[in-house]
*Asks:* 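Starting off with a structure, shown below.
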There are 2 protein chains.
Amino acid sequence: MSNPVRRQRPTIHDVARVAGVSRGTVSRVLNGGHHVSPAAAEAVNSAIRKTGYVVNRHARSLITGRSGSAAFLLTEPQERFFEDPNFNVLLRGCTQALAAHDIPLLLMIAGSRDEQRRIVRYVTAGHVDGVLLVSSHTGDPVAAQLARAGIPVVACGKPMDPRAGRLAHVAADDREGAREMVRHLLAAGRRRIGTIAGPQDTPGGVDRLAGFREVLAEAGLPFDESLVETGDYGRASGAAGARRLLARHPDLDGLFVASDLMARGALEALARAGRSVPEQVAVGGFDDSAAALASAPALTTVRQPWDRISQEMVRVLLARIAGEDTSAVILPTELVVRDTA
Amino acid sequence: MSNPVRRQRPTIHDVARVAGVSRGTVSRVLNGGHHVSPAAAEAVNSAIRKTGYVVNRHARSLITGRSGSAAFLLTEPQERFFEDPNFNVLLRGCTQALAAHDIPLLLMIAGSRDEQRRIVRYVTAGHVDGVLLVSSHTGDPVAAQLARAGIPVVACGKPMDPRAGRLAHVAADDREGAREMVRHLLAAGRRRIGTIAGPQDTPGGVDRLAGFREVLAEAGLPFDESLVETGDYGRASGAAGARRLLARHPDLDGLFVASDLMARGALEALARAGRSVPEQVAVGGFDDSAAALASAPALTTVRQPWDRISQEMVRVLLARIAGEDTSAVILPTELVVRDTA
DNA sequence: CCGCTTCATGTGAACGTGCACAGCATGACC
DNA sequence: GGTCATGCTGTGCACGTTCACATGAAGCGG
């Protein structure tokens with residue numbers, strides 16, 4: 001009747017003893033409850049409550065070979081991601097979506113070569129069941145190694161390289177989002193429409209530019225390469241692009257900019273050039289980031305459904321872990337009309 | 001000589017066989033290498049390279065009772081944190097500092113009651129060795145439960161409640177930072193200095209206001225309660241506070257604002273009231289956030305050493321996990337002089 | 001009443017590691 | 001040469017769980 005000095009955490013064995021059944025039965029109740037009589041199940045559940053038992057994931061992982069956790073992997077220019085509010089929405093959304101399945105999320109940042117090696121070793125060692133990948137270009141060596149090792153990976157954003165087909169991905173429909181924005185500019189009577197595109201080595205940059213071109217062509221407007229500028233998604237490049245466009249086309253009356261940050265830069269350049277927005281030049285951005293509302297005038301933009309993207313990434317990842325072969329998911333964007341167009 | 005059909009991951013046993021030693025010796029090499037002859041150690045290391053062995057953390061955790069991982073726990077108003085660029089620096093810094101010790105970081109968000117329960121269960125079950133806590137008020141129920149269960153917890157920011165002494169914490173020196181800024185305003189000849197303080201239920205808000213008062217008193221300026229306004233760290237409350245201060249004190253020539261966001265709001269209000277900055281009113285902020293540089297004029301502010309804070313949090317956490325009783329660490333701030341003061 | 005199936009339950013083994021302990025060789029010292 | 005200390009190495013066990021298999025009971029049709 002004497003208590004042990006050190007109070008141990010209750011194990012499945014304790015539960016079995018209290019419930020008057022065997023360890024196997026408790027284990028069955030824990031994992032699905034098939035092949036267990038209602039009476040036994042009830043006894044086990046009550047014993048679990050009574051003892052305060054929680055499963056030891058380490059023991060479980062050791063035998064099953066699965067960790068019950070997932071990683072959020074960030075490669076490449078981490079600074080840019082961390083500064084991007086949308087990235088934060090994504091990170092939060094993924095964390096919470098996985099938490100609903102009782103799966104903890106490991107945050108991993110692959111910066112240096114050393115960090116990359118460590119991450120590959122950790123993940124391929126089976127200490128993570130799957131990986132949510134955020135990377136600007138998907139020729140990423142880390143991602144490739146993981147995919148080759150058979151780790152389920154779901155990327156955020158369309159892969160640049162279609163032959164990197166082993167990666168599942170979830171992305172917003174950049175092309176259709178761009179199309180919608182340009183149609184909106186056309187509907188407002190704009191005919192001399194320029195664009196500041198994103199980097200052409202990112203799929204988003206390519207698709208938004210493609211959407212822009214398609215709609216102009218469909219509207220029967222002559223294609224003019226001099227109406228296209230390219231930036232790096234940053235504020236400064238937006239301002240520079242707008243200046244160059246205005247120099248070439250003083251009669252510009254519409255501008256589709258591939259990111260809100262660049263759009264803000266473009267607005268400054270337009271103001272400095274004495275153009276009124278939206279009266280003389282209508283401006284549309286992309287992202288619906290905080291920058292869109294940072295100062296007046298509020299930016300008309302295209303919203304990407306980041307909350308849904310995170311949910312879908314988790315859904316696809318869990319499906320892949322379960323062995324299903326879900327691959328690409330493309331989600332619709334939403335046009336947000338404010339003051340600039 | 002026939003290979004097995006399925007290639008298993010190499011275990012410590014395989015390494016031992018290849019190296020021609022026992023499992024125990026391999027284990028010793030892995031954990032510190034004490035009591036191992038150089039020859040044996042070399043044989044083991046070469047065998048590890050040859051087999052591509054990586055330790056199975058699940059098995060190790062099962063026997064040691066330690067997980068080799070830590071959690072980054074976010075409670076309360078998650079939105080505010082995720083929008084705060086400094087928070088991102090902190091999260092990134094902690095992740096990388098822990099990665100250097102080969103410790104993965106689990107991101108946990110305690111929003112709903114249900115999430116809180118799940119997190120407490122997970123952590124107290126021993127699936128995490130320690131917790132890095134970010135919470136605005138440290139009377140936090142989740143933190144209290146974890147501390148009570150004996151989990152090492154290191155909080156970011158000073159606890160409001162000194163009797164919550166079981167939590168270690170790392171914080172910037174808000175009081176001295178505020179003192180330095182106010183001294184800077186005094187040195188510039190300002191004598192009619194107001195402040196927009198932060199919420200008085202947060203330690204940062206209290207300390208920054210205390211520093212403000214102390215320096216004025218030391219300078220022999222009469223204390224005037226009507227020079228104090230209180231905001232919620234947000235832009236709008238800064239603008240409102242500045243308007244009220246100006247109404248009461250049209251001759252205001254200096255303003256210490258407890259956050260950059262509020263400072264931006266104050267700058268707008270000052271501009272609208274026709275005051276020139278810094279000629280008529282010198283303005284100092286706090287945080288050195290992106291808002292400080294968001295638009296002209298660039299804000300003079302107090303920088304908190306977020307990179308060092310994250311490093312110290314990790315250092316203190318590892319010390320606590322190792323059983324040492326490191327507690328409070330206060331780090332110096334840095335005055336960043338730009339255009340507004 | 002028998003043989004067959006179905007289903008709930010118990011049992012032993014295995015997962016890969018760390019640790020305590022025992023054994024063994026070597027060398028030093030009396 | 002014997003005793004003892006010292007330092008390296010091997011072995012068995014334990015950690016808590018899942019899984020395959022065995023067992024036995026119950027149901028059922030002939």
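Just the heavy atoms: all of them, side chains too, but no hydrogens, waters or symmetry mates, feed the values below. The chains referred to below are lettered A, B, ... by the order of the sequence lines, with proteins before strands, and numbering in each begins at 1.
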*Asks:* Considering only side-chain heavy atoms of Arg28(A), which listed nucleotide, dT17(C), dT17(D), dT9(C), is closest?
*Replies:* dT9(C)

*Asks:* Between Asn31(A) and dT18(D), does any side-chain N or O lie under 4.0 Å from OP1 or OP2?
*Replies:* yes

*Asks:* Among dT17(D), dG18(C), dG10(C), which nucleotide has an atom closest to any side-chain atom of Ser22(A)?
*Replies:* dG10(C)

*Asks:* Please figure out whether His34(A) or His13(B) has its closest DNA chain C nucleotide nearer the 5' end.
*Replies:* His34(A)

*Asks:* Closest approach to the side chain of Thr11(A), judged atom by atom: which nucleotide of dG16(D), dA20(C), dC15(D) is it?
*Replies:* dG16(D)

*Asks:* Indicate yes or no: does Arg57(A) engage Asp102(A) in a salt bridge with an N to O separation below 4.0 Å.
*Replies:* yes

*Asks:* Could you tell me the separation between the NE2 atom of His58(A) and the P atom of dC15(C), rounded to a whole number of Å?
*Replies:* 20 Å

*Asks:* Specify the separation, in whole Å, of atom NE2 of His35(A) and atom P of dA25(D).
*Replies:* 20 Å

*Asks:* Closest to the Thr64(A) side chain: dT18(D), dT9(D), dG16(D)?
*Replies:* dT18(D)

*Asks:* Can you measure His127(A) atom NE2 to dC15(C) atom P for me and round it to whole angstrom units?
*Replies:* 17 Å

*Asks:* Measuring from the side chain of Thr25(A) (C-beta onward, heavy atoms only), which nucleotide among dT9(C), dT17(D), dT18(D) has the closest atom?
*Replies:* dT9(C)

*Asks:* Rounded to the nearest 0.5 Å, how far apart are OG of Ser310(B) and CZ of Arg315(B)?
*Replies:* 12.5 Å

*Asks:* Check the side chains of Arg308(A) and Gln311(A) for a donor-acceptor pair under 3.5 angstrom, ignoring hydrogens and angles.
*Replies:* no

*Asks:* Whole angstrom is fine here: how far is it from CG in Leu62(B) over to C1' in dA14(C)?
*Replies:* 12 Å

*Asks:* Rounded to the nearest angstrom, tell me the gap between atom CZ in Arg17(B) and atom C1' in dG16(C).
*Replies:* 14 Å

*Asks:* Given dT9(C), dT17(C), dG10(D), which nucleotide is nearest the side-chain atoms of Val21(B)?
*Replies:* dG10(D)

*Asks:* For the pair made of CZ in Arg23(A) and C1' in dT17(D), what is the distance, rounded to whole Å?
*Replies:* 8 Å

*Asks:* If you check every side-chain atom of Asn56(A), which of dT17(D), dA8(C), dT9(D) has the closest atom?
*Replies:* dT17(D)

